[in-house]
Amino acid sequence: MPLTSLFTASSAAPYAWSVLLSGAVVVLSIVPLGAARSQADFTMADMGAPRAMFERLPIWGRRASWAHQNSFEAFTLHAPAALLCVIAALHSGSLPNTAITAALLQPLLRLLYIGAYVGNVPPLRGLCWASALLCTGTLYVEGLRALLATA
């Protein structure tokens with residue numbers, strides 16, 4: 001089975017993959033944070049209050065912590081939008097290509113956002129953040145539009 005067929009197996013597949021990939025980005029955001037904690041001599045004693053060690057993190061590690069926290073925030077907005085599109089696609093068939101593009105582009109933009117945040121590249125970080133948010137907004141609009149059209 002070609003890789004592309006995973007994303008086109010049904011009209012809902014791109015949106016289900018978007019939820020999965022967005023969740024994976026949240027998990028991957030732990031990697032730079034873990035590296036920063038390692039550099040700050042994280043010990044098992046820090047498990048009692050892991051946020052208390054924030055001041056010991058290098059500045060890039062602090063940005064990694066903020067990027068990690070923001071990843072959860074972005075996921076809580078994006079997952080319902082993608083699931084709305086799953087439901088809409090199951091009820092009405094295919095959604096516009098803009099919705100498919102937005103669904104698959106959002107996790108990539110969020111991954112770039114983490115790199116730009118940790119690497120301290122504010123213009124790229126802002127562009128990735130805004131673009132990913134626009135992708136999420138597009139999913140809400142297209143999902144609602146499709147559901148309202150079937151009502």
**Student:** Between S18 and Q106, do the side chains contain a donor N or O and an acceptor N or O under 3.5 Å apart?
**Tutor:** no
**Student:** With sequence neighbours excluded, tell me which residues meet side-chain contact (heavy atoms from CB on, under 4.5 Å) with I30.
**Tutor:** H68
**Student:** So which heavy atom on V19 is nearest to which on A82, and how close?
**Tutor:** CG2-CB, 3.4 Å
**Student:** Would you tabulate the side-chain donor-acceptor contacts of residues 90-102 under 3.5 Å, counting partners in other chains and residues two or more places apart, or write 'none'?
**Tutor:**
{"from": "S92", "atom 1": "OG", "to": "A88", "atom 2": "O", "distance (Å)": "2.7"}
{"from": "T101", "atom 1": "OG1", "to": "N97", "atom 2": "O", "distance (Å)": "2.9"}

**Student:** Could you go through residues 129-137 and list every donor-acceptor pair under 3.5 Å that involves a side-chain atom there, pairing it with any protein atom two or more places apart or in another chain?
**Tutor:**
{"from": "S131", "atom 1": "OG", "to": "L127", "atom 2": "O", "distance (Å)": "2.8"}
{"from": "T136", "atom 1": "OG1", "to": "H78", "atom 2": "ND1", "distance (Å)": "3.0"}
{"from": "T136", "atom 1": "OG1", "to": "A132", "atom 2": "O", "distance (Å)": "3.3"}

**Student:** Could you list all the salt bridge (charged side-chain N to carboxylate O under 4.0 Å, His left out) pairs where at least one residue sits in residues 112-123, not counting sequence neighbours?
**Tutor:** none
**Student:** About how many Å separate CG of L111 and CG of L21, when rounded to the nearest 0.5 Å?
**Tutor:** 10.0 Å
**Student:** For A79, give me all partners under side-chain contact (heavy atoms from CB on, under 4.5 Å), at least two apart in sequence or on another chain.
**Tutor:** F75
**Student:** Report yes if some heavy atom in the side chain of L28 is under 4.5 Å from a heavy atom in the side chain of I114; otherwise report no.
**Tutor:** no
**Student:** Going by salt bridge (charged side-chain N to carboxylate O under 4.0 Å, His left out), name the pairs with one or both residues in residues 134-151, residues two or more places apart or in two chains.
**Tutor:** E142-R145
**Student:** Quick check: does any side chain N or O of T150 sit under 3.5 Å from a backbone N or O of L147, one acting as donor and the other as acceptor?
**Tutor:** yes
**Student:** At their closest point, which heavy atom of L139 faces which heavy atom of A81, and how far apart are they?
**Tutor:** CB-CB, 3.8 Å
**Student:** Y140 and L77: which non-hydrogen atoms are nearest, and at how many Å?
**Tutor:** OH-O, 2.9 Å
**Student:** Can you list everything that forms a side-chain contact (heavy atoms from CB on, under 4.5 Å) with A116? Sequence neighbours excluded, please.
**Tutor:** V121, L124, R125
**Student:** Within the structure provided, determine whether R56 and R37 are in side-chain contact (heavy-atom separation under 4.5 Å).
**Tutor:** no
**Student:** Looking at residues at least two apart in the chain, or sitting in another chain, which of them share a side-chain contact (heavy atoms from CB on, under 4.5 Å) with L144?
**Tutor:** L84
**Student:** Give, for atom OG of S29 and atom CH2 of W66, the distance between the pair rounded to the nearest 0.5 Å.
**Tutor:** 15.0 Å
**Student:** Would you say V118 ends up clustered with V25 if hydrophobic residues are merged whenever their side chains have heavy atoms under 4.5 Å apart, either directly or through other cluster members?
**Tutor:** yes
**Student:** Find out if a path of hydrophobic residues (ILVMFWY) with successive side-chain heavy-atom gaps under 4.5 Å connects V27 to W17.
**Tutor:** no
**Student:** Quick one: salt bridge (charged side-chain N to carboxylate O under 4.0 Å, His left out) pairs with a partner in residues 65-91, sequence neighbours left out?
**Tutor:** none
**Student:** Would you please name every residue forming a side chain to side chain donor-acceptor pair (under 3.5 Å) with Y113, sequence neighbours left out?
**Tutor:** N70
**Student:** Residues in ring pair (Phe, Tyr, Trp, His ring centres under 6.0 Å) with W60, at least two apart?
**Tutor:** none
**Student:** Any salt bridge (charged side-chain N to carboxylate O under 4.0 Å, His left out) pairs touching residues 96-124, not counting sequence neighbours?
**Tutor:** none
**Student:** For the atom pair CG (L33) and OG (S38), what is the distance rounded to the nearest 0.5 Å?
**Tutor:** 11.0 Å
